[in-house]
Amino acid sequence: MSKKATIREAINSALDEALRTSAQVFLLGEDLADPAAGVNAVTRGLALEHGHDRVLNTPISEAAIVGAAVGASLEGMLPVAEIMIMDFIGIAMDQIVNHAAKLRYMSAGRTTSPITVRAVVLEGSGAGGTHSQSLEGWFMHIPGLKVVYPSTPADAKGLLLSSIFDPDPVLFMEASRLYGKRGPMPTEDGFRIPIGKADVKRQGRDITIVTYGPATWEALEAAEALSAEGIEAEVVDLRTLLPLDLETVLASVAKTRRAVVAHHAVTFGGPGAEVASQITEALFNELVEPVVRVGAKFSPIPARASEAAVTLGTGDIVAAVKKVAGAVRV
Amino acid sequence: MSKKATIREAINSALDEALRTSAQVFLLGEDLADPAAGVNAVTRGLALEHGHDRVLNTPISEAAIVGAAVGASLEGMLPVAEIMIMDFIGIAMDQIVNHAAKLRYMSAGRTTSPITVRAVVLEGSGAGGTHSQSLEGWFMHIPGLKVVYPSTPADAKGLLLSSIFDPDPVLFMEASRLYGKRGPMPTEDGFRIPIGKADVKRQGRDITIVTYGPATWEALEAAEALSAEGIEAEVVDLRTLLPLDLETVLASVAKTRRAVVAHHAVTFGGPGAEVASQITEALFNELVEPVVRVGAKFSPIPARASEAAVTLGTGDIVAAVKKVAGAVRV
Amino acid sequence: MSDIAQLTSSQLSSMYEVMCKSQALELRILKGMRSGEFATIIWPARGQEAVAGALSLALRPDDRLITTYRGLHDHVAKGVPLVEIAGEVLGTSVGACKGKGGTMHIAAPEQGLMMSTGIVGSGLPVGVGLALAARFQKSDRVTAVTFGDGATNTGSFHEAVNLAATWKLPVVFVCQNNLYAEMTPVEETMAIPHVADRAKGVGMPGITVDGNDPVSTYLAIRGAVDRARAGEGPTLVEAVTFRFEGHYAGDQMKYIPAEQLEEAKKHDPMITFRETLLSHPEITEEHLAAIEARAAQEVDEAVEAAKAAPQPDAAEIERDVYAERLVAGNV
Amino acid sequence: MSDIAQLTSSQLSSMYEVMCKSQALELRILKGMRSGEFATIIWPARGQEAVAGALSLALRPDDRLITTYRGLHDHVAKGVPLVEIAGEVLGTSVGACKGKGGTMHIAAPEQGLMMSTGIVGSGLPVGVGLALAARFQKSDRVTAVTFGDGATNTGSFHEAVNLAATWKLPVVFVCQNNLYAEMTPVEETMAIPHVADRAKGVGMPGITVDGNDPVSTYLAIRGAVDRARAGEGPTLVEAVTFRFEGHYAGDQMKYIPAEQLEEAKKHDPMITFRETLLSHPEITEEHLAAIEARAAQEVDEAVEAAKAAPQPDAAEIERDVYAERLVAGNV
Ligand SMILES: Cc1ncc(C[n+]2csc(CCOP(=O)(O)OP(=O)(O)O)c2C)c(N)n1
Ligand SMILES: Cc1ncc(C[n+]2csc(CCOP(=O)(O)OP(=O)(O)O)c2C)c(N)n1
Ligand SMILES: [Mg+2]
Ligand SMILES: [Mg+2]
């Protein structure tokens, strides 16, 4: 069974299923309980349905939010902590990186910290430099973590449930600009998307656009525009950055022999560098052109409408694809 | 004039010169004032010489240490904040990333935050997972910051002075395993190494090893071993990760047509991915083999002697070079 | 209203003027947003004007202030030109930060408004650094940092107030306790009766005042400023107040009980202070009306100028990432 | 020594045994390091044994404890097998964490020792989470978190104690105030006379006790544990003590004034508590000597076993990064 739902509803539905099916699951974060249910209304109704003792409003204490989640997880709980806006995650960095990510290894498996941290990227709101960052690259670099960033309602639901019940700590990213995005969403309990599996969102023979999260939509838009010009781009939505589904990426690039990596994170030092390096190391002799990366420009993000001058747009992807594939085909 | 000095002495000498020549400069951090002068004795004598009001012992409050540095810098001071061990920098992340890095941009240049944050990498001590990380990759990804990581006494002195007097915030990295490393160090005031200039530490025609910080020494050792086998590696010490001196890197790789990137940071999602991507994008047609990266394995770092099983060693670089250049020449 | 006799009529009027400008500015922006005249975001301080009035009188021009996203009233208090505030809110090039910073990130160092932050609690350590610089520079200027009740739950708050107390720095911490942090009431996030009790944990004086009364708020802040200037160290002043527009412009405030809102409205400082002023022998209705009219006019002019200005151009957007454009590094 | 009559001789003996084992273990490791028998690092708790004795008696086996890098005494207190402690310190495969964690990161959940952290202050939020889990799981177990004086300057401390107080969680915060944080004396980093005053800032009881006296420390911690178990919320207990080996093994302690060290030595809990015990009618010299001999022997056996064990092998080093080895991702 499936229905049309927004990503907001899909996340809500995943949280609801998790709370309903496991007494280990609880949510904690700022303002997320009803009646307010958060600035983004993602958690609406969950406290009313499952109790305010399982959907916990916290003080503004990101280190303690994640730290308390870590502690509870050591006892077998499955906490889902919310970082309201990803730019605040620095405050919880020590708990995520030095504790959640490492406790399994440092205890030789005697303690584990299967927390889920939901972090919301606010880019697109125009709120400015400290409320717009896509910092997933930091977490990809940390052994022990998993990093998930869905682009559709079904993926969001299936991946969030997988994250919550995953035995390892997961950073689950949400783009607030996608909350209203509608699409089919399975309604039956038990639906899952496995962590670590990319998804080919569009088939194409000429070039592969490797992407994830909100950039998936710009990539698809770019692919349509390019199709009109005779370039057929394949769009691979990674869905998970860590672990990275290289198999799917390489299968696509082996076919197209050209690749662009696109994301909203800053290009320099970002996730795209890893993806491009992996593609190049594996398919050096198959590649016709070097992999090109597009992302946010190397600048803090300005406020209001100026934001768009710095952040990734469909046009950036189109231009990158033309750079890589254009000469050959058009 | 120049004398032999350790990196510890070189950093001390740079801090001394900065304190002596500018009333704007002050130091703050945990335990760094005499008589203790820090766990690493890097700041020995500075409080006695320049006063305990300019070399400030702080509480264990990394967010406030960097935050206070940011505030003082807004008033024209040139604070040098110490993060005793880099693994603790998460706690100060918000101040570095959301404040120091962005205040110039977000105020359109009306306020600036020319702080220097000295962060010490303790890898090599065997202290375990939370006291061994090389996290420079996080900071390379943040527009507004500069990231410096020297490998010799002269570079350490010249770059630290450049960092302190640089108009932008600088993360200055120190490897505690290199503190005892001796080499020539200019003694006259005013000696500087410019930020953003790499240094060819060894000439070679067959392959370029791009590296920085402590890995520079393993790269040089690897180059000697390889030389005995007939492979002449050029060793480019980046010295600065942000800005990145691509010109020097590309000039070398254009000549050797092969490159390995080596660092102590975890390979996956690390600085090497950016360097490799840049080389590949620029020199795709000149490269004979894909750029190969070596760094720490994808694991938290185990304690004691087991550390070496996960961290970068000379052998890793030798093996990588042979993979890239071996087939051709040996 | 207490202690009004300790202030001159011109001091009282000047506080009222700041409050009127703040109120008028926010209402004008809200009107523009609601009518579709322009799009932006603000976190209105409507209801908290008394604190701004108090700050404006308690701080010297060379004193420093750090505020937050909910800081338009504080900007007005510190004398940031209205057009710079409005411009920054609208994202145009006449803004304090040429439109690049946005509502949350207004800085105007010429007026001593050194930073506004969008990260709750993070202004406090920075304020401690400003105060430390004053000590290094042998200046007797004082730094004030304002923040909300919710901010006192952050680690940054604790590290900063502890450092300031330990180093006896010339800084005044002004908590604008508006009883909510976003949608969460203050009693759900702390187990102390007064935010000012936080001071006991670090060894500095803590004072709770009626933050709807500009006079008592002024006296409390002024006392703390004098103490700081005299080298006696920091103080935590808690001004208890309320915000009438919710967390952000457009917030429906469903989480606020009707009785609480109704009760709070009785203490709207714009109304109660006006009444108090009218009871002053030297202050007339005409005088207040003139202040209000001037505020409205200045605000109108500022908003028109902000609207008329262009967005920052491409060159401006590229500027200020670093002191100089990076030459090396193909970023 | 106070209140000794409130404890049975077997309770007193059991505290003394924990203290003896802790002391013997640390001294044995220090000897091995100094003689070159093996290389490692420890942050000795020598001098702080009374707190460990108190914890051992105050906590139930199913209660939880979180400690720090300076935690060998706490591990002993919670019943972690000596060979697991010694093995972890030496980095061999019989260690609690198979040698992968190291001295700083010992975990032994079977004994309720849920985490040791090397990041100052970071154990507190995790301890709050343990207590929260107990509430979810409807268990009456209590969590204790121990940490140093310096840790109370961290933001993590504040966020954690505030959350615990607000949620009235069953957790006891035990500050082992040894008067120094690394090389910095406590009075240089805070402006309060007692660390326990921190409790006032978040609304929980704060108690200062003589941390060199196991009996009064036990009574204070026990009271807090009972309170927590009864659902009355958290307590901050400050046990004032001293560390005789400096921050790390090998620390020359030049920063400690000679008189202070001399004075502190007079209160060495291993000496003073022994004297107290001997004044007890039921406790004889022979009894204590037997405890000491047993401690020495158990420690010796543990260290020999730890030394004899191999380092973790390559397969072990690769294990436990994730629940399963990552198949995807060429990391
Ligand atoms: C570190 C951090 N966490 C969360 C937020 C999101 N947030 C913005 S305002 C706010 C509430 C702040 O409450 P308070 O300090 O009382 O200030 P007020 O808005 O009431 O003036 C929150 C949680 C943030 N900006 N920064
Ligand atoms: C966040 C953090 N900052 C700094 C350090 C370095 N460091 C290790 S122990 C220590 C002193 C801690 O003092 P205290 O809390 O009093 O505990 P004690 O060592 O005296 O038991 C410091 C600064 C650290 N481990 N973590
Ligand atoms: Mg508030
Ligand atoms: Mg201590």
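Proteins get letters first, then strands, A, B, ... in listed order; numbering begins at 1 in each.
- Contact annotation for B:Gln24: neither backbone nor side-chain heavy atoms come within less than 4.5 Å of a heavy atom of chain C.
- When heavy atoms are compared at a cutoff of 4.5 Å, B:Asp166 does not approach chain C at all.
- Ranked by heavy-atom pairs under 4.5 Å with chain C, the first of B:Thr111, B:Val70, B:Asp94, B:Ile60 is B:Asp94.
- Although no hydrogens or angles enter the test, the distance criterion places a donor-acceptor pair under 3.5 Å between the side chain of C:Tyr322 and the main chain of B:Leu145.
- The parts of C:Leu130 that come within reach of chain B are both its backbone and its side chain, each placing non-hydrogen atoms under 4.5 angstrom from that chain.
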| task | Would you check, one step at a time, whether the test side chain to side chain contact (heavy atoms under 4.5 Å, CB included) holds for C:Leu163 with B:Ile65? | result | CA-CA 9 Å; C:Leu163 189 62; B:Ile65 291 169; over 6 Å; no
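- Smallest separation of non-hydrogen atoms from C:Gln137 and B:Glu75: NE2-O, 2.8 Å.
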| task | Please assess B:His99 against C:Ser122 for the test side chain to side chain contact (heavy atoms under 4.5 Å, CB included), listing each intermediate value before the final yes or no. | result | CA-CA 9 Å; B:His99 294 87; C:Ser122 291; 3.3 Å; yes
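- Looking only at distances, no side-chain donor or acceptor of B:Asn98 sits under 3.5 Å from a matching main-chain atom of C:Ile119.
- For B:Ile142, the part lying under 4.5 angstrom from a heavy atom of chain C is the backbone only.
- Residue with the most contacts toward chain C among B:Pro167, B:Pro143, B:Ala108: B:Ala108 (heavy-atom pairs, distance under 4.5 Å).
- Neither the backbone nor the side chain of B:Ser113 comes within contact range of chain C, judged by heavy atoms closer than 4.5 Å.
- Of the atoms belonging to C:Arg135, not a single heavy atom falls under 4.5 Å from chain B.
- The CG atom of B:Asn57 sits 8.5 Å away from the CH2 atom of C:Trp167 when rounded to the nearest 0.5 Å.
- Checking C:His105 against B:Ser107 by side-chain atom types alone, no donor-acceptor pair falls below 3.5 Å.
- Neither the backbone nor the side chain of C:Met104 comes within less than 4.5 Å of any heavy atom of chain B.
- Contact record, C:Ile317 with B:Tyr105: O-OH, 2.7 Å, taken as the closest heavy-atom pair.
- Heavy atoms closer than 4.5 Å to chain B are found in both the backbone and the side chain of C:Ala96.
- At most 12 non-hydrogen atoms from other residues, nucleotides or ligands lie less than 6.0 angstrom from CD of B:Glu247.
- With a 4.5 angstrom heavy-atom cutoff, B:Ile91 touches chain C only via side-chain atoms.
- Put simply, CG on B:Leu56 and CG on C:Leu132 are 6.0 Å apart, with the number rounded to the nearest 0.5 Å.
- Comparing B:Pro79, B:Ala23, B:Pro59, B:Ala72 by heavy-atom pairs within less than 4.5 Å of chain C, the highest count is held by B:Ala72.
- B:Met106 contributes atom CE, which lies 9.5 Å from atom OG of C:Ser116 (distance to the nearest 0.5 angstrom).
- With a threshold of 4.5 angstrom between heavy atoms, C:Ala108 approaches chain B through its backbone and through its side chain.
- Of the listed residues (C:Met114, C:Lys98, C:His158, C:Glu316), the one with the most heavy-atom contacts under 4.5 Å to chain B is C:Met114.
- In terms of heavy atoms, C:Ala133 sits closest to B:Met77 at CB-CG, 3.8 Å.
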| field | From CA spacing to verdict: side chain to side chain contact (heavy atoms under 4.5 Å, CB included), B:Leu103, C:Met115 | value | CA-CA 8 Å; B:Leu103 287 177; C:Met115 185 175 92; 3.8 Å; yes
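- Note on C:Glu84 versus B:Arg110: salt bridge recorded, some NZ/NE/NH1/NH2 to OD/OE distance being below 4.0 Å.
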